[in-house]
Amino acid sequence: MTKQPVDDLFADDPGAPDAFALGAQALLLRGLALAQAQELLRCVARVVHDAPWRHMATPGGQSMSVAMTGCGPLCWVSDRQGYRYAERDPLTGRPWPAMPEVFARLARDAAQRAGFADFTPDACLINRYAPGARMSLHQDRDERDLAAPIVSVSLGLPAVFLWGGATRSERAQRVPLGHGDVVVWGGVDRLRYHGVLPVAPGQHPATGDSRINLTLRRAR
Ligand code: MD3
Ligand code: FE
C-alpha cells in the first residue's frame with residue numbers, strides 16, 4: 001500500500017492511493033471498511049436497540065450535539081461528574097452490548113496495517129452526527145493504556161476532520177472523511193488534538209441523514 005503526504009488528501013482522482021500518513025503514527029486507510037459497511041451498520045442497529053442513542057452532558061452541563069452509545073466490556077461516558085469509562089450503561093443500568101466480532105476484527109486488521117500488532121479493543125464508542133452536529137477540539141486521554149492505538153471508522157455522510165497538534169492552539173489541518181474510511185492513531189500521535197466540523201445536511205444511501213463514527217479503543 002502506498003502512502004501519501006497529507007497535502008494530497010483532497011486530490012479526489014480515481015487512481016488516488018488508499019493510504020495517507022496523517023502523522024508519523026497516524027494512518028488514513030481510505031475505504032477499508034467499505035465492503036463491511038452494511039454489516040457494521042446492522043451491528044450498530046442491534047447495539048442501539050439495547051443501548052439507545054443519547055446526548056450526554058459535559059461536566060459543564062451542556063448537552064453534546066453528537067448522540068452516542070457504545071458496546072464492549074467498557075464504554076466512555078460523560079455527565080456532570082466528568083468523563084470516564086463505565087462497565088454499565090447509565091441509561092439502562094445494564095452492561096453495554098457485546099462488541100460485535102466484525103468491529104474487533106476490522107480494528108485489529110487496521111491497526112496491524114498501521115504497525116500496531118495485536119490490537120484488542122475493549123471499548124467501542126459510537127457517535128451519530130445529525131446535520132449541524134460537531135465535536136470541538138479535544139484530546140482522548142481517559143484510556144488507561146495510552147500505548148494502544150485508537151481505530152476510527154466513518155460511515156454515511158462525509159465530514160471534515162480537524163487534525164491538530166500537541167497543543168490546542170496549534171493550527172489544525174482539515175481532513176475529509178467519507179463512508180468506509182478508517183483511521184488509526186497511536187504512538188506519538190495518540191494525544192493530538194482533534195475534532196469534527198459541523199456535518200453538512202445531506203442524504204447517504206447507507207445512513208440517510210447522518211454520519212456514524214465508531215472509535216475502537218483499549219480503555220484498560
Ligand atoms: C486522534 N470522534 O469520539 S474519530 C471521539 O469522528 C472522536 O466521531 C471523532 O474524536 C468522530 O473521541 C473523530 C477520530 C479520532 C479518534 C480518536 C483519536 C482521532 C483521534 C485519538 C487521538 C488522536
Ligand atoms: Fe476524540
Side-chain angles (χ1 to χ4, degrees), residues 6 9 20-30 32-33 40 44 47 53-56 58 64-72 74-78 82-86 103 106-107 110-111 114 116 119 121-168 170 172-200 204 207 210-219:
V6 71
L9 279 171
F20 294 95
L22 298 181
Q25 292 185 280
L27 188 66
L28 163 55
L29 298 154
R30 268 227 171 112
L32 185 69
L40 297 172
V44 170
V47 168
W53 296 115
R54 81 288 311 266
H55 293 269
M56 295 184 193
T58 65
M64 297 186 188
S65 63
V66 177
M68 297 177 172
T69 184
C71 59
L74 293 164
C75 185
W76 184 86
V77 297
S78 175
Y83 308 133
R84 64 198 170 277
Y85 279 89
F103 287 18
L106 174 60
F116 300 94
F119 176 52
D122 60 9
C124 177
L125 179 65
I126 308 176
N127 296 328
R128 186 191 66 191
Y129 296 74
R134 60 191 283 273
M135 197 173 281
S136 53
L137 276 185
H138 67 278
Q139 293 173 298
D140 288 23
R141 51 185 319 153
D142 301 318
E143 298 74 26
R144 197 173 298 167
D145 178 11
L146 293 174
I150 292 182
V151 174
S152 138
V153 183
S154 292
L155 298 166
L157 288 180
V160 176
F161 177 72
L162 295 171
W163 178 230
T167 61
R168 191 186 294 278
E170 227 168 292
Q173 299 187 71
R174 293 171 179 224
V175 179
L177 292 181
H179 182 64
D181 289 350
V182 176
V183 194
V184 183
W185 339 74
V188 297
D189 292 314
R190 179 65 180 71
L191 289 176
R192 296 266 287 247
Y193 277 87
H194 59 277
V196 178
L197 289 182
V199 167
H204 191 280
T207 60
S210 66
R211 168 178 189 258
I212 306 276
N213 181 268
L214 318 176
T215 48
L216 292 128
R217 302 142 182 268
R218 184 89 206 156

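First listed ligand is number 1; within each ligand, the first listed atom is number 1.
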Q: Taking the six-membered ring for Trp and the full ring for Phe, Tyr or His, determine whether the centres of F161 and W185 are under 6.0 Å apart.
A: yes
Q: Compute whether any side-chain donor of one residue and acceptor of the other, for S152 and N213, lie under 3.5 angstrom apart.
A: yes
Q. Name the one of R218, R84, R190 that satisfies salt bridge (Lys or Arg N to Asp or Glu O under 4.0 Å) with E143?
A. R190
Short N or O separations between ligand 1 and the protein, below 3.5 Å:
residue: ligand 1; atom: 3 (O); partner: N127; partner atom: ND2; Å: 3.0
residue: ligand 1; atom: 3 (O); partner: R217; partner atom: NH2; Å: 3.2
residue: ligand 1; atom: 6 (O); partner: R211; partner atom: NH1; Å: 2.8
residue: ligand 1; atom: 6 (O); partner: R211; partner atom: NH2; Å: 3.1
residue: ligand 1; atom: 6 (O); partner: N213; partner atom: ND2; Å: 3.4
residue: ligand 1; atom: 8 (O); partner: N127; partner atom: ND2; Å: 3.0
residue: ligand 1; atom: 8 (O); partner: Y129; partner atom: OH; Å: 2.6
residue: ligand 1; atom: 8 (O); partner: N213; partner atom: OD1; Å: 3.3
residue: ligand 1; atom: 10 (O); partner: H138; partner atom: NE2; Å: 3.2
residue: ligand 1; atom: 10 (O); partner: H194; partner atom: NE2; Å: 3.0
residue: ligand 1; atom: 12 (O); partner: H138; partner atom: NE2; Å: 3.2
residue: ligand 1; atom: 12 (O); partner: D140; partner atom: OD1; Å: 3.3
residue: ligand 1; atom: 12 (O); partner: D140; partner atom: OD2; Å: 3.1
residue: ligand 1; atom: 12 (O); partner: R217; partner atom: NH2; Å: 3.1

Q | Atom of M68, atom of M64 and distance for their closest heavy-atom approach | A | CE-SD, 3.8 Å
(Q) Show the nearest heavy-atom pair for residues R30 and D181, with the distance to one decimal. (A) CA-OD1, 3.4 Å
Q) Hey, which N, O or S atom on D140 ends up closest to the Fe ion (ligand 2)? A) OD1
Q. Considering only N, O or S atoms, which atom of H194 is nearest to the Fe ion (ligand 2)?
A. NE2
Q: Return the set of residues passing side-chain hydrogen bond (donor to acceptor under 3.5 Å, both in side chains) with Q25 (not counting sequence neighbours), or none when no residue passes.
A: none
Q) Side chain of D142, backbone of Y83: donor and acceptor closer than 3.5 Å? A) no
